[in-house]
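Count residues from 1 along the sequence. Predicted model, so just to flag it, every value in this text is computed and none were measured.
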Amino acid sequence: MNKIIDTALPLTEINNAAIREKAGKAGHPANLHMWWGRSPEASSLAALSAALMDYSDETASEDMALLAKMVSGDKDSLEAMRGRLNECGSLPTVWDAFAGFGGIPIAAGKLGLKAIANDLNPVAAMLTRAAVDIPARFSSMRPVHPGPAGRVVYSGAEGLAEDVQFYGDWLENQALKRLAGTYPQTADGVIPFAWLWVRTVKCPNPACNCRIPLGSSYVLSKSKNSQYWAEPVVEDSRIHFEIHDGCCPADKESNKIGNNGARFCCPVCGEITTDEYIKKMGAAHELGREMMAVVTNTGGVKSFHMPDEIQKTTADVKMPENTPPGAIPANAHWFSPPGFGIVEYADLFTPRQMLMLSTFSDLVREVQDMAASAALAAGMSESGGSLEMGGNGALAYGQAVGIYLAFVVDKMADYNSSMCSWRTSSGNIRSTFGRQAIPMVWTFAEGNPFSSVSGNFKAMLKSVVESVERLGFGVPASVTQDNAMTMEHPQNVMVCTELPYYRDIGYADLSDFFYIWLRRSLKETYPQMFIPMVTSKEELSTVSTYYGTSKEDAEEKYRTDMRIVCEKLYQCSQEDYPALLFYSFRKNDLESMWNGGTGKNESAWEFMLESLFDAGFTISSVWPMRSEPVSEKADSTRILIVARKGTDRKSQITRRGFINTLKHELPEKTQAIMSSHVSPEDELLSCVGQGLGIFSQYQTVLNADGSAMCVHDALQIIYQECMVAITQRKGIALDGDEATKED
C-alpha cells in the first residue's frame, strides 16, 4: 500500500516551518545547546507522519491540510495526527543511527512513537539524552528545591526546569562570590559590560622597540546616536589607547594592511609585518594582548572608557591549573588559530575567561550533590542508581539538574573566548561560532558574565530553562553512543536518519570546543562517555582531506563506509514502512544530471543512490526538505530520500521500455506533486524522485548493447523527461488560466 510520502506532500508549508524553526524561538529544544546541522522538528514530524499514513485519493486533500497545520505548531492538529496514527494499529519503532542533536527522536516522541537514537559523538549523544530520555524519567514530578513552588500542578519537565532555575541561581551567586575580585566596578561605581582587547606583537624592525597593536578595527561603536573609536598612542615604547567620540576617520579605522594575511603597520616606525612573521611569533608564544576599552551600559546606552590600572590589573590573573586538555586540530579549513600558535583549546581563552568558566564548571558538581540531597529529602528513591545506569532516583535527579547547568556553561563558553569579536553596530558580542569554523580574531571582546552582555549567565540559564519546560511530554526514547559502522542495529524498525553528509561539517573537530567543558563538568556523571580527552574522529560526516590524506583515498574510504551503512540500514528496515533518509544534495549533483557526461557514477548523489540500490533499496520518492531559505548562493539542498526494501522488484526492462514508461507515468505523478503545495523551486527534484521510483522498480535496465544502465545515465534520462512533464503540466495550467479569463 502506498503511503502519503510516496505520492505527495505539502512541501511549502513543511519547509517554511523548518526554516522558521531554525530561528530558535524561546523554548525550542535547540536552545539547550548549539549544534550544527540539527534535524528540523517540523520536517521530521511531517516525514514520519506521512510515512505511516496510507495514501488515498479520497482523503488526500484532508491529509495534506492536517500535515500543513501540524508542522505550523498547531497543538490540536498534532493531537489529531496522534489519533490518526493510533488508528493504524501497531506502530513501528523509529531508528535514528546518526541522531546528531535529536530532532528526529523528539518528533517521534511527540507523535507517540517509540524511538531509538544513536550518535558516535558524545556531545550529540548527551544533547539527545537531555532532550528525549532524561525529561521522560522525571515527567510530571514536582520540583525538589527548598524554595516555594512556582505552580500548583506540574506536567512534563516543568518541575525539573524549576529546579534547574533554582540551582542555577545558587550557582551564579556562588560564582559571583568567588570571582567578585576579578570583575571590579569602574572608578564611577559602574559594573563593566565588556572589555575590548587587541592582540600585540613586537615590531620586526630591530631599531624599533614598539609592540604593534594588531588592530583589525579600532571602531568601537557605529550606532547612529553613539559613535566611538580608539586611537593607539605609543609613549616610551609602551602602547595605550585614547577613546574619541564621533565618527572614526577612514585612515584611523585600522592598521591592518589588505584583506589577506596578518599584515599590520607599526604606528611608530611604519614597518609592516608579514603573515609569516606573525605566525613565527605566535609559535614562539610571543603574541600579547592589550586592553583597548572598557564598555559600560547604563539604561541601554553604551559608553566607552579608557581602562585604568585597576581594570588592567584585575584582568591579568594567573591561568588556572588543571585547564581542560585538548589540542585544536591543525586543520586550516576549520581552524585558523593553530597557525598563530594557539594550539590548545585552553589557549582560546584569556586567563580570566578560563578562571570564570572553570569556576562555573566546578560548581556544577556541587549543584548535583545539593539537588540529589534535596531529591532524597523530597522522598525520591535512594537506590535508583545513576543516570548512566538508567537510574531515576535521587542520585539520577541531581545529576540531571547538573547536566542542564553544564549546558549553560557550554553556552557561556561560546560567548566567552578570545575568538569573540565586537558588534560595532549593536554594541554586543558575537559568539565564537558565527559559522562552522573558528577563525582568528585580532581585536576581541570579553564580556562580563554578571552583566547583561550576550552570553551572560542569566540569559543562558533562562534559555535552557525555557527549553526544559517544554520537554518530557512525548514518548521517551532510548539513546546510545556507538559507531553505526560497527554496532548491532535494532531489527525490524522504521529507519529515519540524516545520512552522513559528503564533505560537509566536521562535527567531531568542532564539537571538541564544547566537549572539553562538558567533560570537566560531567565526567563523574557519565564516566564511560567522557574517558577520552577529545571526541572520536571516526565520524562519517566529512571526507578528511585536510589531514594529509589524498582526496582520492579519503573519498574512497567514505564510499566504502557508506556502502556498509546502507547495507546495515537495509537489513534492519521493516518491509511495511519506508526508510526515511535525509541527505545533502549539492549543486554539482544537479549539474551532473543536466550536463550529460561520461556514463560513470561521478557525483556524491549518484554514488549514494547506487549504494542504496546495491543494498537492495528501491526509491519511491525524493523531497526537498529545506532548513535554509532558497538562495542562489546556497551550495546544497537538504533532501529526503524515501526508500523501501526492494522485495518485489521486476527483473529487467530495455532502455526504450524505461523511457516509454517514464513518458507514460511521469505526467500523472507530476500532476499529483504540483497539485499539492510544492514551490516551483522544489518541483524538479520532487519529479526526479518519482522518476527514480520507476527506475528502481527494475533490477536492471538494459542498454541497446546489452549492458546495464548505470545511475548516472538513468538520471540524464529522468531529468530530461521530468523537464518535459513539468513544462507540459505548466502549459496546461497556463492554458486553463487563459481559458478562465476568456470565459
Q) Is the shortest side-chain N to carboxylate O distance from Glu41 to Lys110 below 4.0 Å? A) yes
**Q.** Donor on one side chain, acceptor on other, Asp682 and Asn15, under 3.5 Å
**A.** yes
(Q) Pairing donors with acceptors under 3.5 angstrom, does anything connect the side chains of Ser621 and Trp623? (A) yes
Q.
Just checking Phe433 against Trp36, ring centres under 6.0 Å apart?
A. yes
Q. Would you say Val479 and Val132 make side-chain contact, with heavy atoms under 4.5 Å?
A. yes
Q. Which distance, rounded to the nearest 0.5 Å, do you find between the CD1 of Ile106 and the CG of Leu111?
A. 12.0 Å
Q. Given the rule in the side-chain contact (heavy atoms from CB on, under 4.5 Å) test, do Ser686 and Leu11 qualify, once you have shown the distances and angles that lead to the verdict?
A. CA-CA 10 Å; Ser686 301; Leu11 273 188; 3.7 Å; yes
Q.
So, taking the atom named CE in Met389 and the one named OH in Tyr526, what distance separates them when rounded to the nearest 0.5 Å?
A. 11.0 Å
Q: Can you measure from CD1 (Ile403) to CG (Leu518) and round to the nearest 0.5 angstrom?
A: 9.0 Å
Q: Please report the shortest heavy-atom distance between Met625 and Ala47, naming the atom on each side.
A: CE-CB, 4.5 Å
(Q) Whether Arg644 and Glu575 form a salt bridge (side-chain N of Lys/Arg under 4.0 Å from carboxylate O of Asp/Glu) is what I want to check. (A) no
Q) Is there a donor in the side chain of Thr535 and an acceptor in the side chain of Asp512, or the other way round, less than 3.5 Å apart? A) yes
Q: Examine distances only and state if a side-chain atom of Arg520 and a backbone atom of Ile516 form a donor-acceptor pair shorter than 3.5 Å.
A: no
Q) Using the benzene-type ring in the case of Trp, are the ring centres of His33 and Phe514 under 6.0 Å apart? A) yes
Q) Can you tell me if Tyr397 and Asn392 form a side-chain donor-acceptor pair at under 3.5 Å? A) no
Q) Side chains of Thr525 and Gln368: donor-acceptor distance under 3.5 Å anywhere? A) yes
Q) Is a donor on one side and an acceptor on the other found under 3.5 Å between the side chain of Ser696 and the backbone of Phe613? A) no
Q: Could you tell me whether Asp561 and Lys557 have a side-chain N and a carboxylate O separated by less than 4.0 Å?
A: yes
Q.
Just verifying a value: how many Å separate Leu471 CG and Asp133 CG, rounded to the nearest 0.5 Å?
A. 11.5 Å
Q. Thinking salt bridges, do Glu21 and Arg38 make one under a 4.0 Å N-O criterion?
A. yes
Q.
Ring-plane angle category for Phe530 and Tyr515, please: parallel below 30°, perpendicular beyond 60°, tilted otherwise.
A. tilted
(Q) Among Ile438, Thr432, Asn416, exactly one meets side chain to side chain contact (heavy atoms under 4.5 Å, CB included) together with Leu348. Which residue is that? (A) Ile438
Q: Locate the shortest heavy-atom distance separating Ala406 from Ser521; write the atom from each residue and the value.
A: CB-CB, 3.8 Å
Q | Stepwise side-chain contact (heavy atoms from CB on, under 4.5 Å) test for Met608 and Glu610 | A | CA-CA 5 Å; Met608 180 55 65; Glu610 184 184 54; over 6 Å; no
Q | Phe513/Phe349 aromatic ring centres below 6.0 Å | A | yes
**Q.** Positive for side chain to side chain contact (heavy atoms under 4.5 Å, CB included) with Leu52, one of Leu113, Asp576, Val94, Ile5
**A.** Leu113
Q. Is Arg638 positioned over the aromatic face of Tyr583, cation under 6.0 angstrom from the ring centre and no more than 45 degrees off axis?
A. no
Q.
Any side-chain to backbone donor/acceptor pair from Asp347 onto Glu344? Under 3.5 Å, distance only.
A. yes
